[in-house]
Protein chains: 4
Amino acid sequence: MPRTPEQNNQIRQQRKNQILGAAFEVYTEKGFQSMEMGDVAQKADIGRGTLYHYYKNKTMLMRDVFALKLEEAKITAAKTLSTDQKPIIRLESFFRQELIAHLHHPLRYRFFKYFFEDVHEVYADSAEKVLQDFETNNYQPLMTTFQQAIDDGTIKAMNPTRLTQLFWGAFIGMPAYIDNSDFLQNPQEWIEDAMTILFDGIKKHT
Amino acid sequence: MPRTPEQNNQIRQQRKNQILGAAFEVYTEKGFQSMEMGDVAQKADIGRGTLYHYYKNKTMLMRDVFALKLEEAKITAAKTLSTDQKPIIRLESFFRQELIAHLHHPLRYRFFKYFFEDVHEVYADSAEKVLQDFETNNYQPLMTTFQQAIDDGTIKAMNPTRLTQLFWGAFIGMPAYIDNSDFLQNPQEWIEDAMTILFDGIKKHT
Amino acid sequence: MPRTPEQNNQIRQQRKNQILGAAFEVYTEKGFQSMEMGDVAQKADIGRGTLYHYYKNKTMLMRDVFALKLEEAKITAAKTLSTDQKPIIRLESFFRQELIAHLHHPLRYRFFKYFFEDVHEVYADSAEKVLQDFETNNYQPLMTTFQQAIDDGTIKAMNPTRLTQLFWGAFIGMPAYIDNSDFLQNPQEWIEDAMTILFDGIKKHT
Amino acid sequence: MPRTPEQNNQIRQQRKNQILGAAFEVYTEKGFQSMEMGDVAQKADIGRGTLYHYYKNKTMLMRDVFALKLEEAKITAAKTLSTDQKPIIRLESFFRQELIAHLHHPLRYRFFKYFFEDVHEVYADSAEKVLQDFETNNYQPLMTTFQQAIDDGTIKAMNPTRLTQLFWGAFIGMPAYIDNSDFLQNPQEWIEDAMTILFDGIKKHT
DNA sequence: CATGAATGAGAATTCATTCAT
DNA sequence: CATGAATGAATTCTCATTCAT
């Protein structure tokens, strides 16, 4: 007997998740150009042709990956950044949490690293809109929190947009270059040192 | 009459520079996988076959680009980091100078961004050795200077290797993500804010 | 509905045979260097890309062709050489049969002609091993039969390895050089004359 | 002061010999398709471009190589085959001498092996004429001598054209297949065994 | 829906030949 | 004449995508 439409939908959604997960992994390992649809299919444990039942092409697949991960990041951020703690505390929580997340999925940070590189190739003309959305959905909460911390005098007065971008860049960059063996071997220390640099700077303040 | 060996050498050297320059440009725009030998040839204003007169293949060409740029970076670093000023001053000079360089050669920072991504593909088994060399030649002087600044009490005590990597990552990351329109429009302010974050942290110290 | 694995296997096997047959033909016409993958595809009546679905590259394709033909030759030889007739009779049958086979498949002898030329290019470092195997699988039965004929006094005492090689070389060489119009026009006579030279020599024995 | 025309001619001829020698060597190692003009130039110790002062292209170069070697072979044959000894003795001398020559230039035999393969590619439409000439100049003396040996009853009555071709093929084939280590290690024995097979056959005649 | 076979456009690479000096 | 730099046509090979079952 044929499946009900809901069953079909459910199967379809589950398959999509399977594919999305595989695509995300392959993507963080290789980037857009170098990732191969065959690898995605293999990792998702489905046939190569099956991918194309769910996604018209590589581009559309990656758009979905991007959308999903951006949404996830947005939710995570919202959760951490909208508590009723002091702004500076919320910021520290957010970044510490993200660094800890890197630890559990060591290639996770690469997602954002690659995202900004590939966004124009994947979205073509609508890339600007996507970046705009990213700014609204993902940066905005961060920016607002930075602003609050500026307002309550806990951090220095700075253009909050620029601050957010610089801070975010520095944060993504930290695990991105050179080997991460130190990060993996002494994660606690590494994370605290990274937090210190970002929040307190390297100078000794007397 | 044939050209003299010196003439040939000169031609070869000039042509190599031409190719290296073109390859560097294309590389910083596209990365290893996406750059096409045809683009390099076109940008260098030579025939596609001529590339192969000078470089056995794409990999060897990129190895030469890497070697050249790493060498250049090493020399620049040495110059700035070995003055007789106080360590903290030298560090600030170095990073400020690098950020100013980014301003004049907007794709320059991408080189390092891509380098760490592609090093394994380009060098295969010897990638680890290359990274080792990079650490020795390029990180070492920085690390030493950090150590000196720690020793004279101007910066906080931290594992200098980790510090160097974190700092470098943050520094590369800052201009690497999202649009750089702000950077291009208000370079002076942007640079000073970046310097502040890196050296003083974002917190207000009373 | 997807094909069953057996169906796929069958398709794969059939396609491989198609390709192997085409490759063999093109190879015996041109040799390794000059054969073009495009010709093979065309002769096999498949797309150029499909070749690479089945064989990683030209080299691997030829390795399979070699393996197949060597195996076939081995089986043919075994069949003819292991009857319970007198050794000399078996030898004569074997070579006469091979010459008749040449007649029906005029390019067949070229396979061995080219094989020894290309084996080093196709197998690189393992070429020696392949030749060793060839000697074991294909020469051995012949050698053994020669030895038996020596033992029963029907042929002259000679080092059987050298004898096999010389004999085989002479046998391959006979149809290999100059035009074969005579061979095609008077196959029976040609074959008998070749057999005479090889087995009785050209001298008249009184 | 400029060279005299004769001097120029002499230089030209010497250069040509240099090139011809190099081309012959490369050819016997690789065959027509696989030999590279660069290798010829290198072996001849001249510039790549210089080749083209002497030969319009690869084809013309090889035609000259062929012509030269065929001429040499013809002269050698004439010398050995036109003594006043018995025909059978002359034939044995000729082939023994050729086998000894192989010993000194181990790839020499390949020349004829490749020649018949490449003649059509190198000469295109005139290939038939070239083969005709080869038959006239190189085979004819051999054929005549075979005929004489048939006439004086020392060898069996056979169609002399076919005999020549079969014999020649067998003779070229002997050193051509499988490794020639035995040939190089025990040349005397190898040659005598080869002579025996060709002239006396492998059967024991009582 | 599911699948792997099939495909061809496109990229890397080779190498005989031409050309400027 | 001599040379090596320069070139592009021809070839191998890759991989996203389509197709038959």
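None of the values given here were measured: they were computed from a predicted structure. Only this structure's heavy atoms are used, side chains among them; waters, hydrogens and symmetry mates stay out.
Counting only residues at least two apart or in different chains, salt bridge (charged side-chain N to carboxylate O under 4.0 Å, His left out) contacts with residues 112-125 of chain C comprise C/Lys113-D/Glu117, C/Glu117-D/Lys113. Pairs of residues two or more places apart, or lying in two chains, that qualify as salt bridge (charged side-chain N to carboxylate O under 4.0 Å, His left out) and include a residue from residues 19-42 of chain B are B/Glu25-B/Lys43, B/Glu29-B/Lys43. Within the structure, ring pair (Phe, Tyr, Trp, His ring centres under 6.0 Å) contacts touching residues 11-41 of chain D (residues at least two apart or in different chains) are D/Phe24-D/Phe111, D/Tyr27-D/Phe66, D/Tyr27-D/Tyr114.
Put simply, CE on D/Met62 is 13 Å from P on E/dT17, counting in whole angstrom units. Atom-to-atom, CD1 of C/Ile11 to C1' of F/dT21 comes out at 8 Å; the value is rounded to the nearest Å. The interatomic distance linking D/Met60 (CE) with E/dA16 (C1') rounds to 14 Å, in whole Å. For D/Phe32 and E/dC15, the CZ to P distance is 14 Å, given to the nearest whole Å. Remark: C1' of E/dA11 and CG of B/Leu61 are 15 Å apart, rounded to the nearest angstrom. Distance, A/Leu51 CG to E/dC1 C1': 13 Å, rounded to whole Å. Atom NZ of D/Lys16 is separated from atom C1' of F/dC1 by 14 Å (rounded to the nearest Å). To the nearest angstrom, P of F/dT3 lies 13 Å from CD of D/Gln42.
Note that NZ of A/Lys69 and CZ of A/Phe112 are 9.5 Å apart. Values are rounded to the nearest 0.5 Å. With rounding to the nearest 0.5 Å, the separation of CZ in D/Arg63 from OG in D/Ser126 is 5.0 Å.
Both key distances under 3.5 Å define a Watson-Crick or G-U pair, and stretches of 3 or more such consecutive pairs in DNA chain E run E:2-21 with F:2-21.
Considering only side-chain N and O atoms, C/Arg12 lies nowhere under 4.0 angstrom from the phosphate OP1 or OP2 of E/dG4. One finds no side-chain N or O of D/Arg15 lying less than 4.0 angstrom from the OP1 or OP2 phosphate oxygen of F/dC1. Regarding contacts with the backbone of E/dA2, every side-chain N or O of C/Arg3 stays at 4.0 angstrom or more from both OP1 and OP2.
In this structure, of F/dG4, E/dA5, E/dT21, it is F/dG4 that holds the atom nearest to the side chain of B/Asn8.
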Inset, instruction - Could you run through nucleotides 9-15 of chain F and give me one letter per nucleotide, 5' to 3': B if any protein heavy atom sits under 4.0 Å from the base, S if only the sugar-phosphate is that close, - if neither? - result: --SSBBS
Inset, instruction - Applying side-chain contact (heavy atoms from CB on, under 4.5 Å), run through A/Arg48 and A/Gln42 and close with a yes or a no. - result: CA-CA 8 Å; A/Arg48 192 136 18 111; A/Gln42 189 159 39; over 6 Å; no
Inset, instruction - Just do the side-chain contact (heavy atoms from CB on, under 4.5 Å) check on C/His53 and C/Arg15 with the steps written out, would you? - result: CA-CA 10 Å; C/His53 194 62; C/Arg15 204 57 89 232; over 6 Å; no
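Within 4.0 Å (heavy atoms only), C/Ile46 reaches sugar-phosphate atoms of the nucleic acid but no base atom. A/Tyr54 comes within contact range of the sugar-phosphate backbone alone, with a heavy-atom separation under 4.0 Å but no base atom that close.
Heavy atoms of other residues, nucleotides or ligands lying less than 6.0 angstrom from CD of C/Glu72 number more than 12.
For B/Lys16, the side-chain contact (heavy atoms from CB on, under 4.5 Å) test picks out B/Gln13, B/Tyr54, B/Tyr55, B/Asp64, with sequence neighbours left out.
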